[in-house]
Amino acid sequence: MEDISFYDQVYQVVRLIPEGRVSSYGTIASYLGTKGSARMVGYAMNAADTAHPTVPAHRVVNRIGLLTGKFHFNAEDLMKELLENEGIKVENDQVKDFKKLFWDPAIELQL
DNA sequence: GAGGTGACTGCGA
DNA sequence: CTCGCAGCCACCT
């Protein structure tokens, strides 16, 4: 558990995000204990495509549900399509009903 | 070994 | 209300 890199920890949490749900960098960072360092989570996502299996990075957005990392995908619209493909409504690079679709590991996994 | 970077966040003006 | 600044820490050059 301690041998894995910080990136892998992020990947595991992101992979736990249910389909049709989204989470934020700061929330994941806080869950990993690196709260305050949401940048690290986002930075880890930069190498998400190098992770195996693939990481649903499209389910991770900033705290307001904005698709800040869409430009890091192969195509800018790819992130939006992936989200909509899971039933998540996206408008103007922002997740609709983000507050309802929000997935917090500290709450959802506490059961 | 040191410096720079960044898919963020929160607070102040 | 909007805009700007500083903190945060792992990875890359």
Side-chain angles (χ1 to χ4, degrees):
Chain A
M1 297 294 185
E2 297 81 30
D3 289 37
I4 62 178
S5 301
F6 175 78
Y7 279 25
D8 292 320
Q9 294 184 54
V10 176
Y11 300 151
Q12 288 186 39
V13 175
V14 174
R15 281 194 282 252
L16 291 176
I17 300 175
E19 186 176 297
R21 293 294 186 89
V22 292
S23 188
S24 69
Y25 303 96
T27 303
I28 295 170
S30 180
Y31 181 72
L32 293 176
T34 60
K35 51 185 166 189
S37 301
R39 290 185 171 189
M40 302 301 90
V41 179
Y43 204 86
M45 299 277 81
N46 188 20
D49 65 309
T50 65
H52 299 281
T54 315
V55 179
H58 58 275
R59 293 181 191 154
V60 184
V61 295
N62 69 350
R63 67 178 183 89
I64 64 173
L66 194 65
L67 308 186
T68 53
K70 72 171 192 169
F71 291 106
H72 288 258
F73 282 76
N74 294 294
E76 293 123 45
D77 293 336
L78 180 60
M79 188 173 185
K80 179 180 176 182
E81 289 185 25
L82 288 169
L83 290 170
E84 291 184 333
N85 188 35
E86 297 183 357
I88 299 174
K89 302 295 193 302
V90 179
E91 186 171 304
N92 194 19
D93 300 335
Q94 188 173 344
V95 178
K96 304 283 288 184
D97 300 322
F98 173 71
K99 192 174 182 180
K100 295 197 310 181
L101 298 174
F102 184 72
W103 183 84
D104 188 339
I107 298 175
E108 303 292 336
L109 300 178
Q110 76 177 247
L111 302 180

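Residue numbers begin at 1 in each chain, while the letters A, B, ... track the order of the sequences.
What separates CG of A:L82 from P of B:dA7 is a distance of 19 Å, to the nearest Å. Straight-line distance from the CZ atom of A:F71 to the C1' atom of B:dA7: 11 Å, rounded to whole Å.
No engagement by A:A29 is indicated, since no non-hydrogen atom pair under 4.0 Å with the nucleic acid exists. Counting any heavy atom pair closer than 4.0 Å across all strands shown, A:N62 reaches sugar-phosphate atoms only and no base atom.
No side-chain heavy atom of A:V14 sits under 4.5 Å from any side-chain heavy atom of A:S23.
Distance check, rounded to the nearest 0.5 Å: CE of A:M79 to CD1 of A:I88 gives 9.5 Å. Rounded to the nearest 0.5 angstrom, A:F98 CZ and A:R63 CZ are separated by 9.5 Å.
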query: Hey, mind stepping through A:V60 and A:V10 against side-chain contact (heavy atoms from CB on, under 4.5 Å) and telling me if it holds?
result: CA-CA 11 Å; A:V60 184; A:V10 176; over 6 Å; no

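Hydrophobic clustering of Ile, Leu, Val, Met, Phe, Trp and Tyr side chains at less than 4.5 Å, counting indirect connections, keeps A:L32 apart from A:F102.
Under the side-chain contact (heavy atoms from CB on, under 4.5 Å) criterion, A:A38 pairs with A:Y25, not counting sequence neighbours.
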Return the polar atom pairs (N/O with N/O) between nucleotides 9-12 of chain C and the protein under 3.5 Å, or none.
{"from": "C:dC9", "atom 1": "O4'", "to": "A:S37", "atom 2": "OG", "distance (Å)": "3.3"}

